[in-house]
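Read the structure below first, then the notes.
Predicted model only: the values in this text are computed from it and were never measured.
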Amino acid sequence: MSVPDIQQDDDILIDLHQIAARLICSDGVPAERADELAGRIAQEIRSAWGGQQIYIKKTDLAELSARNLDIYNAFNGANHHQLAKKHGLAVPVIYRIIKSVQQQERDKRQHKLFSE
């Protein structure tokens with residue numbers, strides 16, 4: 001890594017640097033230049049977001065919608081714990097997903113009496 005400011009305990013920045021360098025290299029940029037650009041990206045991220053807690057969603061909205069629909073369709077009224085374990089979620093999250101999808105399905109079938 002060519003950027004001396006990234007400490008060994010900056011795991012996220014190190015990962016970011018490595019991913020960026022790999023992607024830049026995959027576009028045909030020489031490894032040394034890719035490493036330099038990736039280091040600059042990591043430093044910009046540190047400057048922009050340093051000290052903040054950042055949450056990055058694991059899946060995009062389409063994947064979540066498909067997963068939630070799968071959970072709803074597999075729900076039998078008594079298998080909250082099995083669904084939570086299967087999908088790596090907490091039981092209260094399963095309850096929220098089922099309630100949310102149930103409402104979405106109800107909204108598809110019923111027209112609103114009043115416009116919003």
Side-chain angles (χ1 to χ4, degrees):
M1 189 175 321
S2 66
V3 180
D5 293 344
I6 296 179
Q7 305 295 317
Q8 289 295 12
D9 61 345
D10 288 338
D11 293 337
I12 292 174
L13 285 179
I14 290 170
D15 286 348
L16 174 69
H17 181 274
Q18 291 170 346
I19 291 167
R22 185 181 71 243
L23 290 173
I24 294 167
C25 267
S26 73
D27 276 355
V29 175
E32 189 174 304
R33 178 71 176 138
D35 189 60
E36 178 188 329
L37 291 170
R40 288 175 51 199
I41 291 168
Q43 290 306 322
E44 286 293 319
I45 296 295
R46 180 196 303 273
S47 294
W49 297 332
Q52 296 183 36
Q53 288 186 348
I54 300 168
Y55 174 77
I56 300 171
K57 295 178 182 179
K58 286 176 99 174
T59 55
D60 66 24
L61 191 55
E63 288 177 37
L64 285 177
S65 294
R67 181 207 63 193
N68 292 354
L69 193 56
D70 286 345
I71 290 170
Y72 177 76
N73 289 330
F75 178 61
N76 67 15
N79 61 343
H80 293 89
H81 292 279
Q82 291 93 344
L83 291 170
K85 186 174 183 177
K86 177 181 177 184
H87 293 279
L89 300 169
V91 173
V93 175
I94 297 296
Y95 279 104
R96 283 195 302 269
I97 288 170
I98 292 167
K99 184 177 179 180
S100 173
V101 175
Q102 200 170 41
Q103 184 64 49
Q104 291 168 10
E105 293 297 310
R106 188 177 305 121
D107 289 346
K108 284 182 195 175
R109 293 187 306 270
Q110 294 179 352
H111 296 289
K112 302 250 184 241
L113 290 175
F114 305 99
S115 62
E116 294 177 11

Problem set entry | Rounded distance [0.5 Å steps], CD1 in Ile98 versus CZ in Phe75 | 4.0 Å
Problem set entry | Evaluation steps, side-chain contact (heavy atoms from CB on, under 4.5 Å), between Leu37 and Arg40 | CA-CA 5 Å; Leu37 291 170; Arg40 288 175 51 199; 3.8 Å; yes
Exercise. For atom CD of Gln53, is the number of surrounding heavy atoms from other residues, nucleotides or ligands below 6.0 Å larger than 12?
Worked result: no
Exercise. Within a strict 4.5 Å, meaning less than it, do heavy atoms of the Ile12 and Ile45 side chains meet?
Worked result: no
Problem set entry | Check: Ala31 main-chain N/O paired with Asp35 side-chain donor or acceptor under 3.5 Å | no
Exercise. Is it the case that one hydrophobic cluster holds both Tyr72 and Leu64, taking links as side-chain heavy atoms less than 4.5 Å apart, direct or via other members?
Worked result: no
Exercise. Rounded to the nearest 0.5 Å, how far apart are CD of Glu36 and CD of Glu32?
Worked result: 8.0 Å
Seminar exercise, completed: Between His80 and Val91, the two heavy atoms sitting closest are CB-CG1, 4.0 Å
Exercise. Is a side-chain donor or acceptor of Asn79 paired with a backbone partner of Gln82 at a separation under 3.5 angstrom?
Worked result: no
Problem set entry | Exercise: identify the closest heavy-atom pair between Ala34 and Ile24 | CB-CG2, 3.6 Å
For this session: Please name all residues satisfying salt bridge (Lys or Arg N to Asp or Glu O under 4.0 Å) with Glu105, sequence neighbours left out, ordered by chain then number.
Result: Lys108
For this session: Provide the closest heavy-atom pair for Leu89 versus Ile94 in the form atom of the first, atom of the second, distance.
Result: CD1-CD1, 4.0 Å
Problem set entry | Donor-acceptor contact present, side-chain Ser100 to main-chain Ile97, <3.5 Å | no
For this session: Carefully, step by step, assess Asn68 and Gln104 under the rule side-chain contact (heavy atoms from CB on, under 4.5 Å).
Result: CA-CA 11 Å; Asn68 292 354; Gln104 291 168 10; over 6 Å; no
For this session: Would you name the heavy atoms of Ala38 and Ala20 that are closest together and state the gap between them?
Result: CB-CB, 3.7 Å
Exercise. For the residue pair Leu13 and Ala42, what are the closest heavy atoms and their distance?
Worked result: CD2-O, 3.5 Å
For this session: Decide yes or no for His87 and Val93: does some side-chain heavy atom of the first lie under 4.5 Å from some side-chain heavy atom of the second?
Result: no
Exercise. Less than 4.5 Å apart, any side-chain heavy atom of Ile19 and any of Arg22?
Worked result: yes
Exercise. Looking just at side-chain N and O atoms, do Gln103 and Arg106 make a donor-acceptor pair shorter than 3.5 Å?
Worked result: yes
